[in-house]
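The structure appears right after this line, and notes come after that.
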Amino acid sequence: MSIDKKTLKHISKLARISLDEKKIASLSKDLSSIVKFIEKLNKLNTDQTKPLTSIINASLKSRNDEVKDGKIRDQILKNSPEKNEEFFVVPKVIE
Amino acid sequence: MSNISEFTLCKIVSGIKKKDFTSEEVTESFIKNSKKSKKLNVYITNCFDEAISSAKKFDKRGDFKGLLSGVPIAVKDLFCTKNVKTTAGSKILHNFIPTYESTVTNNLWSHGAFLLGKLNCDEFAMGSSNETSFFGNVINPYGEKLVPGGSSGGSASALAADLTPATIGTDTGGSIRQPASFTGTVGLKPTYGRCSRWGIVAFASSLDQAGPMTKNVQDCALLLEAISGYDPKDSTSIDTKVENYSSQLTEKVKGLKIGIPKEYRVDNMPNEIDNLWRKGIDYLKDAGAIIKNISLPHTMYALATYYIVAPAEASSNLARYDGVKYGHRAKGNNLTEMYENTRSEGFGDEVKRRILIGTYVLSSGYYDAYYLKAQKVRQLIKSDFNKAFNDVDAILTPSTPTSAFKIGDKKDDPISMYLNDIFTVPANLSGLPAISVPAGYDKNNLPLGLQLIGKAFDEQTILNLSLAIEKRANFKKNFKAWWS
């Protein structure tokens, strides 16, 4: 299957990446060739195969439910492009 | 003492301990080289002043308990370093200063090392040539028009050019082993779960592993020992004993069974690669190993599987870059527009391609056909290895299908770039340890590496076999520092 412009516009919206028309044309070509490449897998019958869910044959460790950190608001906000006292600031979302 | 920078890591560690030279002398020697290395473009951030002051402090204190006491080390700019800018080679993180330290780099510092600088890499570790970095191409010391491989290209070039005594990279589909092969250095991707992923900028979480890049196998064993271990902060790291890889290292590999997978003899593979592979077989035979032909029948599907799984995980991991919490932020009239513009401006072309492919294969209506299908094939690839390891102790293959290529050669054709990882990707998909060891030169005098893939958590065996190859191949670097 090829990725046409309509599909590309849809997935770029899902991925929250804006694309101009010129970019759409070149990306549509690139992505179509990648999709053609990965469709090689269709040649393989996997009806009897279970999908892999973990590559390590070990169960994940559980830990006690206790607070070990916290009070690091300043650190968390430190790299924010725009902040106001204790909050991240984003463009207005409610009119 | 001007030649300290040419010493191996082990020689530097023991020299500092025996007081043949001071940590400050060592550090100055690497800084001197690094300052003359602008043409190679390996550093994104240097910490030379801080390194000198750490070295001075070390020399005063003289604490030799750690495996890396008094050693300056530059690392790939994918490891978060507290109060030191960490960019992942991306515009979107160009101003990010972590307030915490990755576990793997923290392990280095706990062993007495200190930071020399942050090394260039492909953007978010997505690339095989270091051409996708926002901070520009890295140059291979083997030639000013050559790529160093990727994504740990800055690490590989810095190491080969004597700008750091050793380094660490990350490997999602070959990003340690391929650049190691292209620069005549040793690079090891540990078993998935051997090293903590905490604090490493995430690309594809089920594939990513940090690992050592060094001048020889002995150094590799030492550095692996220093960085490995369970970490409660990474739930996929495994709580199993870390071996004393360096003290157990031996070239006695007599009786070990080595598998040669016929599927790795790919179409159009240059004769030189085939010859190198045969030489590797002869080296191991000479060392007393037993060679067995094996089959890994699903090898031909590995790359396609990888280019579904890795972008899918990347699209999810990179959703965090939204211009709100950290990094670059673009203007927008509303929240969605701000997100879309930030990500459009902040990510480079290859990263966009992978996010979009990942989004596509996970999107409604396509999930089963692509992502689920790939996870099934991944299971088949993994069981190929499980079966093979019933009969053999390790698997020998070439590291890469070619030697280092020219800058720009593959940049406009994603598929031909992806084919570079054809021999390295299966170990990531299966979570297995794998190492690239330099074993010879091609007709243009460019280095070529051999890869050994081991059983899960059996890094020792592939290190031992690499040592046996290293002793016989007698690889020596053959370039002068033309850039300084």
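Proteins get letters first, then strands, A, B, ... in listed order; numbering begins at 1 in each. When reading the values below, keep in mind they use all heavy atoms of this one structure, side chains included, and skip hydrogens, waters and symmetry mates.
The line from CG of L362(B) to CD1 of I11(A) is 11.0 Å long, rounded to the nearest 0.5 Å.
Contact tally against chain B (heavy-atom pairs below 4.5 Å) for L44(A), I56(A), V89(A): the top residue is L44(A). Note: I357(B) leads L432(B), L318(B), I238(B), I357(B) in heavy-atom pairs under 4.5 Å with chain A. Counting heavy-atom pairs closer than 4.5 Å to chain A, the top-ranked of the candidates L372(B), V377(B), V361(B) is V377(B). The residue among L77(A), I76(A), L19(A), V35(A) with the most heavy atom pairs within less than 4.5 Å of chain B is V35(A).
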No hydrogens needed, just list the donor-acceptor pairs between chain B and chain A under 3.5 Å.
{"from": "I97(B)", "atom 1": "N", "to": "N79(A)", "atom 2": "OD1", "distance (Å)": "2.9"}
{"from": "I97(B)", "atom 1": "O", "to": "N79(A)", "atom 2": "ND2", "distance (Å)": "2.7"}
{"from": "T99(B)", "atom 1": "OG1", "to": "Q75(A)", "atom 2": "OE1", "distance (Å)": "3.3"}
{"from": "D239(B)", "atom 1": "OD2", "to": "K61(A)", "atom 2": "NZ", "distance (Å)": "2.8"}
{"from": "M300(B)", "atom 1": "O", "to": "K40(A)", "atom 2": "NZ", "distance (Å)": "3.1"}
{"from": "V324(B)", "atom 1": "O", "to": "S80(A)", "atom 2": "OG", "distance (Å)": "3.0"}
{"from": "K325(B)", "atom 1": "O", "to": "S80(A)", "atom 2": "N", "distance (Å)": "3.4"}
{"from": "R329(B)", "atom 1": "NH1", "to": "V89(A)", "atom 2": "O", "distance (Å)": "3.0"}
{"from": "R329(B)", "atom 1": "NH2", "to": "V89(A)", "atom 2": "O", "distance (Å)": "2.8"}
{"from": "E340(B)", "atom 1": "O", "to": "S18(A)", "atom 2": "N", "distance (Å)": "3.3"}
{"from": "E340(B)", "atom 1": "O", "to": "S18(A)", "atom 2": "OG", "distance (Å)": "3.4"}
{"from": "N341(B)", "atom 1": "OD1", "to": "S18(A)", "atom 2": "OG", "distance (Å)": "3.4"}
{"from": "R343(B)", "atom 1": "NE", "to": "A15(A)", "atom 2": "O", "distance (Å)": "3.0"}
{"from": "R343(B)", "atom 1": "NE", "to": "R16(A)", "atom 2": "O", "distance (Å)": "3.2"}
{"from": "R343(B)", "atom 1": "NH2", "to": "A15(A)", "atom 2": "O", "distance (Å)": "3.1"}
{"from": "S344(B)", "atom 1": "OG", "to": "S18(A)", "atom 2": "O", "distance (Å)": "2.8"}
{"from": "D349(B)", "atom 1": "OD1", "to": "K23(A)", "atom 2": "NZ", "distance (Å)": "2.5"}
{"from": "D349(B)", "atom 1": "OD2", "to": "K23(A)", "atom 2": "NZ", "distance (Å)": "3.3"}
{"from": "R353(B)", "atom 1": "NH1", "to": "D30(A)", "atom 2": "OD2", "distance (Å)": "2.8"}
{"from": "Y370(B)", "atom 1": "OH", "to": "E39(A)", "atom 2": "OE2", "distance (Å)": "2.6"}
{"from": "K373(B)", "atom 1": "NZ", "to": "L44(A)", "atom 2": "O", "distance (Å)": "2.6"}
{"from": "K373(B)", "atom 1": "NZ", "to": "T46(A)", "atom 2": "OG1", "distance (Å)": "3.0"}
{"from": "Q375(B)", "atom 1": "O", "to": "L52(A)", "atom 2": "N", "distance (Å)": "2.9"}
{"from": "Q379(B)", "atom 1": "NE2", "to": "K50(A)", "atom 2": "O", "distance (Å)": "3.3"}

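Closest non-hydrogen pair, P81(A) versus G323(B), comes out as CG-O, 3.4 Å. Smallest separation of non-hydrogen atoms from P91(A) and G332(B): CG-O, 4.4 Å.
Looking at I97(B), both its backbone and its side chain come within 4.5 Å of chain A, counting heavy atoms on both sides. With a threshold of 4.5 angstrom between heavy atoms, V309(B) does not approach chain A through any atom at all. With a 4.5 Å cut-off on non-hydrogen atoms, L41(A) touches chain B through its backbone and its side chain both. The contact between A374(B) and chain A is made by backbone and side chain atoms together, counting heavy-atom distances below 4.5 Å. There is no contact between I72(A) and chain B, counting heavy-atom distances below 4.5 Å. Contacts between L303(B) and chain A at a heavy-atom distance below 4.5 Å involve backbone atoms as well as side-chain atoms.
Looking at L356(B) and I3(A), their side chains never come closer than 4.5 Å, going by heavy atoms from C-beta outward.
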